[in-house]
Amino acid sequence: MLDYVGLIPLFPAIGFAVNLFLGRRMSKGAVGFIACAVIGLSFLVSLLVFADLLKLPPTSRSLEKVVYTWILAGEFQANVGFLIDPLSVVMMMVVSGVSFIIHIYSHGYMHEDRDFSRYFTYLNLFVFFMLLLVSANNFLLFFVGWEGVGLCSYFLIGFWYEKKSASDAGKKAFIVNRIGDYGFLLAIFLIFVTFGTLDFKAVFAAAPGKFAVGSGLITLTTLLLFMGATGKSAQIPLYTWLPDAMEGPTPVSALIHAATMVTAGVYMVARCHVLFLLAPTSIFLVAVIGAATAIYAASIGLAQNDIKRVLAYSTISQIGYMFLACGVGAFAAGIFHLMTHAFFKALLFLGAGSVMHALAGELDMRRMGALKPHMPRTYWTFLIGTLAISGIFPFAGFFSKDEILWKALTQGGFSFWLVGAIAAFMTATYMFRAVFMTFHGKSRVDHQAAHPIRESPGIMTVPLIILAVLSTIGGFLGFPIVEGWNQFHDFLAPVFALPPKAADSSHHAVGFEIGMMIVSMVIAGLGILSAYRMYIQSPSLPDRLAERYRTPYEMIANKYWVDEIYNFAFVGPMVRFSVFLWRIFDDILVDGTVNGVAAVVRGGSEIFKYWQTGNVQSYALFILVGVVLMIGYFLF
């Protein structure tokens with residue numbers, strides 16, 4: 001199946017085309033079946049490619065499949081080609097697998113929407129571009145997928161475009177990402193000028209011989225690459241689009257956060273690890289931005305009341321963990337957390353969607369409570385997702401997050417570990433705050449939505465159960481400590497040139513690692529106890545603390561006023577400058593010039609119109625005068 005890797009992105013493209021041209025003529029059942037089936041086929045082919053890759057020796061698990069020559073201009077050549085290696089195959093399985101589950105859930109969640117076919121058309125296109133991104137073998141094809149997911153995010157975040165907040169959020173996501181993409185495009189130009197090619201394998205093979213470690217050009221190139229990553233993966237300072245992206249349908253939020261757009265930046269940094277390792281300044285900045293974003297976004301999550309925005313800031317924070325791992329050189333740990341995060345974050349968003357489905361679209365957790373008896377399947381699966389993201393053994397997040405904290409301590413230093421540990425405490429606190437406010441305590445549900453509250457249908461809860469299982473057992477693929485048990489690490493080892501696990505498996509190191517795992521569990525446990533104390537035992541305590549510490553509370557409740565600062569410092573001046581250009585340059589200069597020419601022509605016509613008398617004798621006289629003048633000209 002290695003020769004058929006191109007089918008993986010092709011199937012969603014076919015689904016997009018069919019639903020684009022025929023979707024409005026078909027039944028909703030047919031539209032949903034086609035959209036889900038093509039993603040399922042992509043997942044199936046991904047599994048077959050993975051199985052064939054496993055048959056090869058670890059050192060031979062890097063292949064390219066060129067489909068055709070795309071651009072040939074002078075010495076420049078770009079192919080439509082695919083890179084098959086452990087990293088790309090992991091990403092293809094995660095993207096197609098989680099997307100397939102979200103597509104099935106969407107069939108139930110969006111069934112009553114009048115634009116059902118348009119929704120699935122966009123959704124298939126989104127997955128196509130993401131699969132193209134993770135499977136591309138060169139920077140140019142990668143960039144097509146990169147821009148494609150940005151375009152689809154605009155379509156899907158603003159799906160309900162009649163609603164101004166949704167259309168504004170779509171535009172905000174698109175524009176903020178253009179800032180990062182500008183840096184990424186400049187990096188691609190620099191790479192081509194330097195290497196004469198955009199092929200991944202050629203660039204990465206030549207890079208160590210082209211650059212001295214820490215040279216200015218490689219530092220600039222990687223900083224520009226990371227600029228693109230901060231936009232696409234919503235990191236400081238370009239994270240502000242992601243919370244507003246909650247205006248889109250909830251399955252779209254799950255897709256963006258779990259399997260597509262925000263993971264693209266992490267994948268890009270991991271894919272370009274050869275370049276980043278040559279630029280110590282850049283990779284240190286990756287760690288700093290990742291750590292800062294992890295704790296910053298987690299602090300905001302503590303005071304959010306919109307259940308989807310809690311999860312949005314959680315995603316920003318968790319992506320920060322992934323960048324922290326990459327920044328300390330633990331690329332495999334970052335990708336491992338990307339995979340487990342896909343499971344439990346998709347679960348959490350779809351669980352939130354199930355709650356909204358039962359409460360007629362309600363998002364405010366202050367208007368929920370006591371939903372556990374009414375929605376047992378949603379409750380237990382949401383709880384599993386919360387335990388996973390909080391890092392509780394044996395759920396998936398425990399293994400991946402603990403590995404990042406371990407690598408942050410041993411390869412980055414105590415400061416990075418401390419920031420990650422504090423963020424982990426906050427994560428457990430705000431996530432269990434969401435559980436307790438939504439499912440426990442007294443019912444605060446509006447009386448119009450209170451009767452009846454029913455569990456979501458099977459087409460929505462079965463995907464929750466599948467994701468809950470993955471969130472429970474997925475972490476065991478990266479079981480730490482025991483030599484040979486970290487299968488995820490071993491599978492990715494050829495990509496990142498990782499040392500064998502035995503290299504750090506001395507008794508002292510194992511004992512120390514077990515101790516740090518226990519510390520991580522204690523930190524998460526303290527976060528859960530804090531949430532339990534404030535939202536179950538003493539529900540009035542949060543209000544008293546907010547009143548006592550009013551200034552810090554208002555800072556995090558208002559998201560540190562970053563949007564307002566950006567509006568004042570950047571958006572406002574840009575709008576005013578645009579208005580100036582419109583009124584002075586466009587209205588006066590451009591329109592004035594065009595209107596002036598029109599006025600001259602109009603004035604001339606006012607003079608010449610008197611020659612159009614309609615009198616035949618006058619016309620004969622003009623002809624005669626003209627003939628005389630011409631004869632006179634030629635004679636004299």
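Note that the numbering runs from 1 along the sequence shown for the chain.
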Quick one: does any side-chain atom of [X] pair with a main-chain N or O of [Y] as donor and acceptor, under 3.5 Å?
X      : Y      : answer
Glu247 : Ser165 : no
Thr222 : Thr219 : yes
Thr250 : Gly353 : no
Gln235 : Ile316 : yes
Ser314 : Val310 : no
Thr293 : Ile236 : yes
Asp402 : Phe398 : no
Glu455 : Thr378 : yes
Lys401 : Ile389 : yes
His273 : Ala270 : yes

Looking only at side chains, do [X] and [Y] share a donor and an acceptor under 3.5 Å apart?
X      : Y      : value
Thr381 : Arg377 : no
Thr240 : Tyr566 : no
Tyr430 : Tyr313 : no
Tyr560 : Ser299 : yes

TODO: Begin from the C-alpha positions of Leu324 and Phe416 and carry the test side chain to side chain contact (heavy atoms under 4.5 Å, CB included) through to its verdict.
DONE: CA-CA 8 Å; Leu324 171 59; Phe416 284 134; 3.8 Å; yes
Minimum heavy-atom distance between [X] and [Y], given as atom pair plus value:
X      : Y      : answer
Pro542 : Tyr535 : CG-CE2, 3.6 Å
Thr472 : Ala468 : OG1-O, 2.7 Å
Ala370 : Ser443 : CB-N, 3.7 Å
Lys164 : Ser167 : O-OG, 2.9 Å
Met431 : Leu311 : CE-CD2, 3.7 Å
Ile319 : Ser233 : CG2-O, 3.5 Å

Within-4.5 Å side-chain heavy-atom neighbours: [X] and [Y]:
X      : Y      : value
Phe159 : Asp115 : yes
Tyr109 : Ser456 : no
Phe488 : Ser400 : no
Ser317 : Met426 : no
Ser99  : Phe126 : no
Phe331 : Lys407 : no
Lys372 : His440 : yes
Leu359 : Leu371 : yes

Spacing of [X] atom [atom1] and [Y] atom [atom2] [to the nearest 0.5 Å]:
X      : Y      : atom1 : atom2 : result
Thr410 : Phe414 : OG1   : CZ    : 14.0 Å
Ile157 : Lys172 : CD1   : NZ    : 11.0 Å
Ser471 : Phe382 : OG    : CZ    : 11.5 Å
Ser390 : Leu383 : OG    : CG    : 9.0 Å
Phe439 : Tyr379 : CZ    : OH    : 8.0 Å
Phe284 : Phe276 : CZ    : CZ    : 15.0 Å

Under 30°, 30 to 60°, or over 60°: which ring-plane class applies to [X] and [Y], parallel, tilted or perpendicular?
X      : Y      : answer
Tyr239 : Tyr296 : perpendicular
Phe436 : Phe432 : tilted
His337 : Phe344 : tilted
Trp146 : Phe184 : tilted

TODO: Taking the six-membered ring for Trp and the single ring otherwise, decide whether the centroids of Phe336 and Phe399 are under 6.0 Å apart.
DONE: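 No.
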Open item on the list: If you apply the rule side chain to side chain contact (heavy atoms under 4.5 Å, CB included), what do you find for Trp417 with Val519, and how did you get there?
Closed with: CA-CA 12 Å; Trp417 176 86; Val519 170; 3.9 Å; yes
Does [X], at its [atom1] atom, have more than 12 non-hydrogen atoms belonging to other residues, nucleotides or ligands within less than 6.0 Å?
X      : atom1 : result
Arg118 : CZ    : yes
Trp582 : CH2   : no
Phe155 : CZ    : yes

- [ ] For the pair Leu225 and Met268, evaluate side chain to side chain contact (heavy atoms under 4.5 Å, CB included) and give the outcome as yes or no after the intermediate values.
- [x] CA-CA 8 Å; Leu225 287 173; Met268 184 267 287; 4.0 Å; yes
- [ ] Only counting residues at least two apart or in another chain, list the ones meeting salt bridge (charged side-chain N to carboxylate O under 4.0 Å, His left out) with Arg366.
- [x] Asp364
Open item on the list: I want to check a possible cation-pi pair here: Arg576 against Phe580, using under 6.0 Å from ring centre and within 45° of the ring axis as the test.
Closed with: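 No, Arg576 does not lie over the aromatic ring of Phe580.
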Task: Candidate pair Arg309 and Asp244, rule salt bridge (charged side-chain N to carboxylate O under 4.0 Å, His left out), full reasoning - done: CA-CA 8 Å; Arg309 287 184 181 268; Asp244 289 355; 3.4 Å; yes
TODO: Scan Ile466, Leu347, Val462 and name whichever one has a side-chain contact (heavy atoms from CB on, under 4.5 Å) with Ile101.
DONE: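 Going through the options one by one, the only one that passes is Ile466.
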Name the atoms and distances for all side-chain donor-acceptor pairs under 3.5 Å in residues 255-264, with sequence neighbours left out.
from: His257; atom 1: ND1; to: Thr315; atom 2: OG1; distance (Å): 2.7
from: Thr260; atom 1: OG1; to: Leu255; atom 2: O; distance (Å): 2.7
from: Thr263; atom 1: OG1; to: Thr260; atom 2: O; distance (Å): 2.6

TODO: Decide yes or no on side chain to side chain contact (heavy atoms under 4.5 Å, CB included) for Asp113 and Trp160, but give the supporting numbers first.
DONE: CA-CA 10 Å; Asp113 196 280; Trp160 290 312; 2.8 Å; yes
TODO: Starting from the C-alpha separation in whole Å, work towards a yes-or-no answer on ring-ring contact (aromatic ring centres under 6.0 Å, His included) for Trp241 and Tyr154.
DONE: CA-CA 11 Å; Trp241 66 270; Tyr154 168 72; over 10 Å; no
